[in-house]
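Heads up, the thing below is written out as structure tokens.
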Number of protein chains: 4
Amino acid sequence: MKRNSPKFMQIIEAAVIVIAENGYHHAQVSKIAKQAGVADGTIYLYFKNKEDILVSLFQEKMGSFIEKIQKEIEGISSASEKLYMLVKKHFELLSADHHLAIVTQLELRQSSKELRTRINEVLKGYLRVVEQIINEGIESGEFRSDLDVRLARQMIFGTIDETVTTWVMNEQKYDLAALAKPVHELLIRGCSAS
Amino acid sequence: MKRNSPKFMQIIEAAVIVIAENGYHHAQVSKIAKQAGVADGTIYLYFKNKEDILVSLFQEKMGSFIEKIQKEIEGISSASEKLYMLVKKHFELLSADHHLAIVTQLELRQSSKELRTRINEVLKGYLRVVEQIINEGIESGEFRSDLDVRLARQMIFGTIDETVTTWVMNEQKYDLAALAKPVHELLIRGCSAS
Amino acid sequence: MKRNSPKFMQIIEAAVIVIAENGYHHAQVSKIAKQAGVADGTIYLYFKNKEDILVSLFQEKMGSFIEKIQKEIEGISSASEKLYMLVKKHFELLSADHHLAIVTQLELRQSSKELRTRINEVLKGYLRVVEQIINEGIESGEFRSDLDVRLARQMIFGTIDETVTTWVMNEQKYDLAALAKPVHELLIRGCSAS
Amino acid sequence: MKRNSPKFMQIIEAAVIVIAENGYHHAQVSKIAKQAGVADGTIYLYFKNKEDILVSLFQEKMGSFIEKIQKEIEGISSASEKLYMLVKKHFELLSADHHLAIVTQLELRQSSKELRTRINEVLKGYLRVVEQIINEGIESGEFRSDLDVRLARQMIFGTIDETVTTWVMNEQKYDLAALAKPVHELLIRGCSAS
DNA sequence: TATGAATGAGTGTTCATTCAT
DNA sequence: TATGAATGAACACTCATTCAT
């Protein structure tokens with residue numbers, strides 16, 4: 001199976017580096033191939049076309065992203081603490097992979113509407129995790145019972161995303177992970193009961 | 001002065017329509033020229049290049065956006081109510097101009113990093129308005145004294161932006177303006193003292 | 001109108017030369033543009049795509065081909081003599097334009113089935129001229145009344161075409177026009193009454 | 001010897017099918033390999049390159065074509081009847097193998113000039129058979145003594161070829177074999193003495 | 001000012017062929 | 001013999017920008 005071949009991930013890792021260093025619009029397939037150490041044609045043994053590289057990149061990276069976060073929060077009972085762990089992990093994972101941060105926050109957003117639609121499909125998995133935390137919080141009484149789940153999710157994701165983007169645009173000059181606590185406090189106040 | 005010629009705004013309005021209807025990547029200069037009723041070359045008498053059209057578009061639209069919001073909130077004394085008015089106006093103004101909503105929330109984001117950097121310059125004016133409200137709230141005691149102004153601003157802008165984007169991506173099917181109140185409540189809880 | 005611009009014919013003439021000298025498969029658009037003395041992009045102001053150049057080439061050349069032949073035969077009353085003039089003109093016109101002979105007899109035949117289908121549409125005009133001569137000959141009693149028009153047309157066109165192709169493949173070493181008389185005799189014997 | 005291995009003909013038969021069904025330009029080596037039930041690389045154990053497959057295909061098919069026709073006409077003494085048998089067999093053999101008819105009349109003609117030159121080498125064997133019949137006819141007094149052998153051959157082959165091509169392009173809708181008699185009559189009138 | 005014809009740089013993808021196994 | 005993963009050369013077309021009128 002193509003997806004399990006080492007070349008598959010090799011090409012995706014190369015794409016992350018090339019896009020981060022050259023920008024989305026200058027990330028030619030030939031550059032990615034050279035970075036991956038394979039011939040141009042080899043790319044097409046593993047990916048349908050260029051767009052497929054980018055979607056797969058997002059799927060793989062976001063997939064493991066969600067997986068890691070879910071593993072971290074599954075043992076936690078409090079919704080508030082789950083939310084804290086989610087924010088913390090989100091910040092930590094992107095802090096640990098500067099290239100990936102640039103690619104997801106800045107570069108991949110310049111892709112065409114069609115590509116972003118497919119990326120959003122992947123993102124929905126993440127949003128569902130957020131919504132589940134909110135629902136659990138409401139049920140447990142931690143969060144207000146009249147909380148609009150979609151709006152709360154938009155606040156949580158919007159705040160996290162805006163915080164990371166600002167950090168990336170400031171060239172990652174300050175400690176993003178350190179913001180997990182105050183950001184969590186902001187968010188939890190919006191959601192908390194009483 | 002170029003900027004005062006009627007053609008200047010004529011071209012910008014044409015750009016909004018062409019981008020909204022065709023998408024960023026299919027918004028050729030020639031299409032904008034035709035929509036504006038001028039020759040291709042004429043565009044370059046008023047704008048340095050294509051990027052300049054887009055930056056100018058954002059400057060003009062965001063400028064009047066900020067102006068309108070500032071006018072609305074200048075008579076209000078409470079920071080919380082100012083924030084409410086800001087959210088409300090933000091939602092109302094974009095609800096009233098569907099083309100502009102598509103262009104600012106979806107299409108312009110596909111522009112290159114360089115262009116987005118310049119767009120962010122324009123955005124800073126808006127962010128300053130938000131930060132000023134936060135500062136006023138802290139000073140008046142409405143908001144917690146230990147509130148991190150930048151984080152609060154990121155929460156407010158991130159939440160508003162994510163809410164509008166979700167609405168646009170859902171093809172503007174529901175009433176955005178009606179969300180002003182619950183969104184405001186979410187934000188104000190995050191910021192409020194006690 | 002594009003078709004009347006001097007550039008239109010200029011590009012077609014360039015295409016004939018480039019295809020004749022380089023062969024169909026090595027006739028890149030950029031080579032045609034250079035030969036025509038215009039930029040690559042200019043080609044696309046006058047032709048929809050590369051195929052359109054070739055179809056237009058055939059239309060223009062075959063169109064004037066048919067026109068010239070029709071003009072020559074319109075004053076002639078005898079079907080046999082009309083046929084003679086057709087063969088003679090056909091041979092003379094291709095003898096006079098070696099490049100065109102190569103292009104129509106050898107190079108254009110390597111085009112895709114789709115392109116050849118469109119080329120055949122143009123050819124039909126020529127075949128109709130042949131069939132009309134046959135019909136006139138039958139009506140006047142010059143040709144046998146039981147002559148199958150389609151078969152006779154296939155013999156006439158097949159013989160002419162094969163004769164020209166053989167001549168082109170022999171690098172145009174002998175006098176093609178001199179074959180008009182004996183070829184005509186062969187054909188006319190096949191068709192004649194008695 | 002490669003040519004005697006069953007795989008040799010297996011690959012040629014696969015090529016006929018793949019070209020007939022997909023067209024010359026979509027007949028990739030990998031498709032032919034799959035159709036033949038061998039690996040891509042195996043092709044190159046039996047053929048020098050792709051062109052060699054096509055030339056061999058033509059050699060094999062045309063070789064047996066000529067063989068069959070020669071066997072049919074060798075017992076016949078009259079040149080006219082030999083010609084009749086040649087036309088009849090030609091039409092019958094192609095009527096019986098629709099795939100081959102498409103490949104030889106339409107698809108193989110899209111090959112490069114170089115390939116067609118090599119194909120013509122093979123064709124010469126067929127043309128020699130035709131010329132021999134003509135020469136026999138002249139010697140026996142059946143055909144005119146002033147008949148130009150090459151022209152007569154061009155008429156005969158051109159007419160047959162054009163008739164078959166028209167039939168193939170009309171999707172083989174009518175009975176080709178039934179045309180043998182009238183076609184023969186057309187040709188024989190052109191050649192006959194008196 | 002205004003025009004619009006002309007420019008030319010830039011790139012994703014296919015597929016015949018090779019070669020290590 | 002047989003395999004099939006890997007190779008890499010080759011090219012049509014778009015569109016932002018210019019400049020002679």
Problem - For atom CG of A:Leu45 and atom P of F:dT7, their distance in whole Å - result: 9 Å
Exercise for the section: Counting heavy atoms from C-beta on, name the nucleotide in E:dG4, F:dC13, E:dA16 closest to the side chain of D:Tyr44. Expected result: E:dA16
Problem - Rounded distance (Å) that lies between atom C1' of F:dT7 and atom CD1 of A:Ile11 - result: 13 Å
Exercise for the section: Return the 5'-most residue of the pair D:Val29, A:Ala27 with respect to DNA chain E, ranking by each residue's nearest nucleotide. Expected result: A:Ala27
Problem - Flag, side chain of D:Arg118 to backbone of D:Val55, donor-acceptor distance under 3.5 Å - result: no
Exercise for the section: Please report, rounded to the nearest Å, how far the C1' atom of E:dT17 is from the CZ atom of D:Phe47. Expected result: 15 Å
Exercise for the section: Could you check whether C:Lys31 gets within reach of a base, just the sugar-phosphate, or nothing at all, counting any heavy atom under 4.0 Å? Expected result: nothing
Completion exercise
Of the candidates F:dT3, F:dA2, E:dA2, the side chain of D:Ala39 sits closest to F:dT3
Practice task
Take atom NZ of A:Lys34 and atom P of E:dT11, then tell me their distance rounded to the nearest Å.
Solution key: 14 Å
Completion exercise
Taking for C:His25 and for A:Thr42 the nucleotide of DNA chain F with the nearest heavy atom, the one nearer the 5' end belongs to A:Thr42
Problem - Base-pairing mate for E:dT21 - Watson-Crick or G-U, with both contacts under 3.5 Å - result: F:dA2
Handout entry: Non-hydrogen side-chain atoms of C:Glu60 and C:Arg3 separated by less than 4.5 Å
Key = yes
Fill in the blank from the handout: Rounded to the nearest 0.5 Å, the CD1 atom of D:Ile12 sits from the NZ atom of D:Lys7 at a distance of 14.5 Å
Practice task
Would you please confirm or rule out a distance under 4.0 Å between OP1 or OP2 of F:dA5 and any side-chain N or O of A:Tyr46?
Solution key: no
Exercise for the section: Would you mind classifying the nucleic acid contact of A:Lys7 as base, sugar-phosphate or nothing, using non-hydrogen atoms under 4.0 angstrom? Expected result: sugar-phosphate
Problem - Pairwise side-chain contact, B:Lys61 with B:Glu13, heavy-atom cut-off 4.5 Å (strictly under) - result: yes
Completion exercise
Here the distance between atom C1' of F:dA12 and atom CD of C:Glu51, to the nearest Å, is 13 Å
Practice task
Taking the side chain as every heavy atom from C-beta outward, state whether A:His25 and A:Gln110 have any atom pair closer than 4.5 Å.
Solution key: yes
Practice task
Mind calculating the distance between CG (B:Asp40) and P (F:dA16) to the nearest angstrom?
Solution key: 9 Å
Problem - 4.5 Å side-chain heavy-atom contact, D:Leu94 and D:Gln105 - result: yes
Handout entry: Nearest-Å distance for atom pair NZ/P, residues A:Lys48 and E:dT14
Key = 11 Å
Exercise for the section: Can you tell me the pairing partner of F:dA16 across any strand shown, Watson-Crick or G-U wobble, with both distances under 3.5 angstrom? Expected result: E:dT7
Practice task
May I ask you to verify if any side-chain N or O of B:Ser30 is less than 4.0 angstrom from the OP1 or OP2 atom of F:dC15?
Solution key: no
Handout entry: Rounded C1' spacing from F:dT21 to E:dT1 in Å
Key = 13 Å
Fill in the blank from the handout: B:Gln28 atom CD is separated from F:dT17 atom P, nearest whole Å, by 13 Å
Exercise for the section: Look at the side chain of B:Asn49 and decide which nucleotide, out of F:dA6, F:dA12, F:dT17, has an atom nearest to it. Expected result: F:dT17
Exercise for the section: Would you kindly compare C:Gly41 and D:Gly41 by the position of their nearest DNA chain E nucleotide and give the one closer to the 5′ end? Expected result: C:Gly41
